[in-house]
Amino acid sequence: MSDSKPKRLALIASQGTLDWAYPPFILASTAAAMDMEVGVFFTFYGLTLLNKKIEANVAPQTNPAMPMKMPFGPQGFQNIQWPIPNILANNIPGYESMATSFMKKTFANKGVASIEELREMCVDMGVRMIGCQMTMDVFGFKADDFIDGIELGGAASFLEFAADSDISLFV
Amino acid sequence: MSEMNFDQVLDCKGMNCPLPVIKTKKAIDTMDSGQVLKMIATDPGSKNDISAWASRTGHELLINEQTDEGYVFFIKKK
């Protein structure tokens with residue numbers, strides 16, 4: 001606890017998959033709730049998390065440790081960890097979208113907020129969000145694609161904020 | 001269960017990390033200094049998280065206990 005200068009958290013969000021979208025928004029919203037100043041730099045695939053509609057999927061084939069659970073049925077059935085080998089996961093059409101919808105459903109069942117809800121809380125609590133201008137240019141994103149209230153900038157914009165931070169993490 | 005007067009109650013049952021902390025912060029923001037918030041959660045993580053949140057923000061955690069209702073917190077706004 002300090003009554004002087006607030007603590008400052010600076011995050012870099014570089015990934016755009018559903019599982020990797022959670023850490024920056026959970027940390028940013030919680031830090032803001034703890035009266036910290038928070039800034040997040042969204043770069044590379046992380047920039048897609050600023051799109052008005054987030055279309056983040058999980059990619060089970062690149063996460064061999066990811067537990068595969070069913071979000072329905074009796075608790076005993078839901079607790080089963082299904083051993084789906086990568087050779088199958090990589091080749092079943094629609095496996096990624098199925099895994100994504102299962103993960104969303106499991107998270108909702110467990111009372112975890114959606115990415116959109118967490119992002120909205122971040123906006124409400126004054127989290128500073130900086131979208132990477134260079135990534136926009138490279139991938140052809142438009143400022144109109146993004147939610148309101150964000151800034152656009154580059155590495156220097158983020159570093160200027162991060163230079164005075166107490167915690168800085170790359171996600 | 002401890003008895004104590006409170007000014008506002010917040011139900012966070014069924015919510016998972018980080019929602020209980022964020023909802024608690026938002027509720028405290030609407031209250032006056034010295035008022036007491038009663039918060040009930042079912043997330044076992046909230047036991048330590050609300051304590052950490054209170055020590056960081058300076059609000060006083062008067063009670064932090066597990067009851068039949070769930071995890072119950074009484075927080076006095078600084």
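Not measured: the values here are computed from a predicted model. Chain letters run A, B, ... following the sequence lines, proteins first, then strands; residues in each count from 1.
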Quick one: closest heavy-atom pair of Val112(A) and Cys17(B), and the distance?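 Minimum heavy-atom contact is CG1-O, 4.5 Å.
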
Minimum heavy-atom distance Ala33(A)-Thr57(B), with the two atoms named: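 In terms of heavy atoms, the two residues are closest at O-CG2, 3.8 Å.
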
Which value, rounded to the nearest 0.5 Å, describes the distance between [X] atom [atom1] and [Y] atom [atom2]?
X	Y	atom1	atom2	value
Asp35(A)	Asp29(B)	CG	CG	7.5 Å
Arg56(B)	Met36(A)	CZ	CE	5.5 Å
Met121(A)	Lys23(B)	CE	NZ	4.5 Å

Who among Ala32(A), Ala113(A), Ser29(A), Gly111(A) has the most heavy-atom pairs with chain B under 4.5 Å?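 Option with the greatest count: Gly111(A).
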
Give a yes or no on this: more than 12 heavy atoms of other residues, nucleotides or ligands lie within 6.0 Å of atom [atom1] of [X].
X	atom1	value
Asn5(B)	CG	no
Lys76(B)	NZ	no
Lys110(A)	NZ	no
Lys69(A)	NZ	yes

Do [X] and [Y] belong together in a cluster built from hydrophobic side chains that touch within less than 4.5 Å?
X	Y	result
Phe41(A)	Leu50(A)	no
Val138(A)	Phe146(A)	yes
Ile54(A)	Phe141(A)	yes

Less than 4.5 Å apart, any side-chain heavy atom of Ile22(B) and any of Met125(A)?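 Yes, side chains in contact.
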
Is any side-chain heavy atom of Lys26(B) closer than 4.5 Å to one of Asp124(A)?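 Result yes, sub-4.5 Å side-chain heavy-atom pair found.
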
Which bit of Leu27(A) is near chain B, if near means a heavy-atom gap under 4.5 Å: side chain, backbone, both or neither?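 It is neither, since no heavy atom gets under 4.5 Å.
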
